[in-house]
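Just so it is clear, the values below take in all heavy atoms, side chains as well, and ignore hydrogens, waters and symmetry mates. None of these values were measured; they are calculated from a predicted model.
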Amino acid sequence: MSSYFTDLAQQYIDGKWRPGTGSWDIIDFNPYDGEKLASITIATADEVDQAYRAAARAQKEWAATNAYARRSVFEKVLRLVEEREAEISEILVAEAGGTFGKAAFELHLAKEFLRESIHLSLRPEGRILPSPVDGKENRVYREPVGVVGVISPFNVPFLLSLKSVAPALALGNGVVLKPHQNTPIAGGTVIAKLFEDAGLPPGLLNVVVTDIAEIGDAFLEHPIPRVISFTGSDKVGRHVATVAASHFKRSIIELGGNSAFVVLDDADVDYAVDAAVFSRFVHQGQVCMAANRILVDRSLADEFTEKFVAKVRTLKAGDPRDPGTLIGPVINSQQAEAVTGAVTQAIAEGATALVHGTTTDNLVEPSVLAGLPLDSALLQQEVFGPVVFINTFDGEEEAVRIANDTPYGLSGAVHTADIERGVAFAKRIVTGMIHVNDATVHDEPIVPFGGEKNSGVGRLNGETTLEAFTTTKWISVQHGRSGFPF
């Protein structure tokens, strides 16, 4: 097992590795076999304060550093990720329970986002705007916000931490990162180590491994961070957004989804089946963009369902270290119980289990449920695991109505032989992202990523990242003399 689990089971504050001073430890377990990977004494509210103050001190000089010099740090981080890819993959498999295929997918995207961060360092541009006042010049400067607080999730920990941390730093900010308690290494301290080894000045990036039971809202309420970037559940996200707003902080909130995968009557069924299976079962369905609901035109329902079920039955569940495994464990026992409970509830409400997987510890096998009544509460929520609901519809109007009948709006997909028909359909779905003839799970460095409704507020990636982690300042210059009324 990688030495990261012993070397990096610490807090990283003001450029120093040290244990927390809290009264209890977070135990980092392998979700597949229960192996204890690490024990980390949690950070206290005082250590959160120290981390934010370190970031604020270091940020001033960092913001004044030439953007080309800042860029070189991210070039080094990218090289280090490439050099350590095998080791980081091991960490992701052991700590997050994903397969090596999922780890490769995550690392591929992480490297793409790092490449974008290299360019992002040079992206902020000022403007000179005209004025109705004679002799006046209006300059608009784009500046770092100062310090950004990042709270990342367990499901894609390395990527989803990095996609806020790297651009925030590239744009001249300091950062304090709080990774999820289930993935403190992959989503936290391994990133700190990469930036430390790449020569990032001490204090700019801090990682605090802690829990709200210890610090309450100290991470959110602290006066130093001006932006909070959060990825996680809608329940917690609502609280984060509320606290941030009450302290006049900007928040970027990326929450869960309840994506619909829609198969219209002219779709390529075989291709749609392949895309749908990936959309639902990648990383055991523990992806915010995963297709919770598959909606199929009644004319294709029998063919699609038969082929979909056949393919799902081929998905091997087991040890994620086994190259043949496609379905590994969910992250913890609470999640396993919640997913298993959703299957039981769906059957009780009248759904037919076309595939009824068993649950052993945290290993939840795939389940495919058809005919769940459309008024079921299960179709209104995100089931974060390898369970999918198939429903039929009659015509596009009904498909649009069912797809939009959810409080979420993160991603989606529609399959059709007519591209423009698909685009027209996609425009009618209330969602931040939707894909024609593809899967629901996608993320790209320069395309705006985010949701509508209960799926979040704000966007990341590309120009939207620039907006998220910078602010504007208007400086006017009067070259002549202004006239005043008194």
Side-chain angles (χ1 to χ4, degrees), residues 96 109 148-157 159-165 168 177-183 187 212 217 219-220 225 227-246 249-261 279-280 282-293 330-332 334-335 338-339 342 377-385 387 403-413 429-435 440-443 447-461 464-465 467-469:
L109 279 176
V148 176
V150 178
I151 303 173
S152 62
F154 68 80
N155 57 339
V156 195
L159 172 65
L160 294 183
S161 292
L162 202 60
K163 71 179 289 189
S164 284
V165 168
L177 167 64
K178 178 189 173 300
H180 195 279
Q181 298 92 310
N182 288 123
T183 50
I212 59 172
D217 284 334
F219 192 90
L220 306 174
V227 173
I228 301 292
S229 178
F230 171 84
T231 304
S233 72
D234 58 321
K235 179 182 178 181
V236 179
R238 187 183 300 274
H239 179 74
V240 170
T242 300
V243 174
S246 71
K249 300 176 190 292
R250 190 189 310 168
S251 59
I252 309 299
I253 308 291
E254 198 279 289
L255 307 177
N258 187 15
S259 299
F261 185 103
S279 295
R280 177 62 258 185
V282 61
H283 194 38
Q284 297 79 262
Q286 297 178 120
V287 179
C288 55
M289 297 167 281
N292 266 25
R293 302 169 296 148
V330 296
I331 193 65
N332 54 40
Q334 293 87 353
Q335 198 65 33
V339 174
L378 289 168
L379 293 175
Q380 297 293 313
Q381 66 192 55
E382 180 180 46
V383 179
F384 218 54
V387 176
N404 282 331
D405 186 18
T406 173
Y408 298 95
L410 185 60
S411 188
I429 306 304
V430 183
T431 185
M433 307 170 285
I434 185 166
H435 309 285
T440 60
V441 179
H442 288 288
D443 195 0
V447 182
F449 183 101
E452 298 294 329
K453 300 190 282 188
N454 288 9
S455 287
V457 177
R459 298 289 188 270
L460 285 177
N461 303 357
T464 57
T465 296
E467 294 290 335
F469 298 134

His180 and Asn155: side chain donor to acceptor below 3.5 Å: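 No pair is found: no donor N or O on one side chain lies under 3.5 Å from an acceptor on the other.
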Between Asn461 and Asp443, is there a side-chain donor-acceptor contact under 3.5 Å, judged purely by atom types and distance?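 Yes.
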Judged by atom type as modelled, is there a donor-acceptor pair below 3.5 Å linking the side chain of [X] to the main-chain atoms of [Y]?
X	Y	value
Arg293	Phe261	no
Thr440	Met289	yes
Thr431	Ile434	no

What is the minimum heavy-atom distance between [X] and [Y], and which atoms define it?
X	Y	result
Gly187	Ser161	O-OG, 2.6 Å
Pro179	Ser152	CA-OG, 3.5 Å
Pro153	Thr183	O-OG1, 3.7 Å
Ser229	Ser164	OG-OG, 2.8 Å
Val148	Ala168	CG2-CB, 4.1 Å
Gln286	Phe154	OE1-CE1, 3.7 Å

Taking the side chain as every heavy atom from C-beta outward, state whether [X] and [Y] have any atom pair closer than 4.5 Å.
X	Y	answer
Ile252	Ile228	no
Lys178	Val150	no
Met433	His442	no
Val457	Phe230	no
Val339	Phe384	no

Rounded distance [0.5 Å steps], [atom1] in [X] versus [atom2] in [Y]:
X	Y	atom1	atom2	result
His435	Ser279	NE2	OG	8.5 Å
Ser259	Glu382	OG	CD	8.0 Å
Leu255	Leu410	CG	CG	8.5 Å
Asn182	Ile331	CG	CD1	4.5 Å
Leu159	Thr231	CG	OG1	9.5 Å
Ser411	Asn292	OG	CG	11.5 Å

Is there a side-chain contact (heavy atoms from CB on, under 4.5 Å) between Asp217 and Leu220? Walk through the geometry before answering. CA-CA 5 Å; Asp217 284 334; Leu220 306 174; 3.9 Å; yes
Residues two or more places apart in sequence or in another chain: which of them pass side chain to side chain donor-acceptor pair (under 3.5 Å) with Arg459?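 For Arg459 the side chain to side chain donor-acceptor pair (under 3.5 Å) partners, ignoring immediate neighbours, are Glu452.
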Of Asp234, Asn258, Asn454, which meets side-chain hydrogen bond (donor to acceptor under 3.5 Å, both in side chains) against Tyr408?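 Passing option: Asp234.
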Cation over ring face, Lys163 and Phe449, 6.0 Å, 45°: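 Pair Lys163/Phe449 counts as cation-pi.
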Evaluation steps, side-chain contact (heavy atoms from CB on, under 4.5 Å), between Leu379 and Thr406: CA-CA 7 Å; Leu379 293 175; Thr406 173; over 6 Å; no
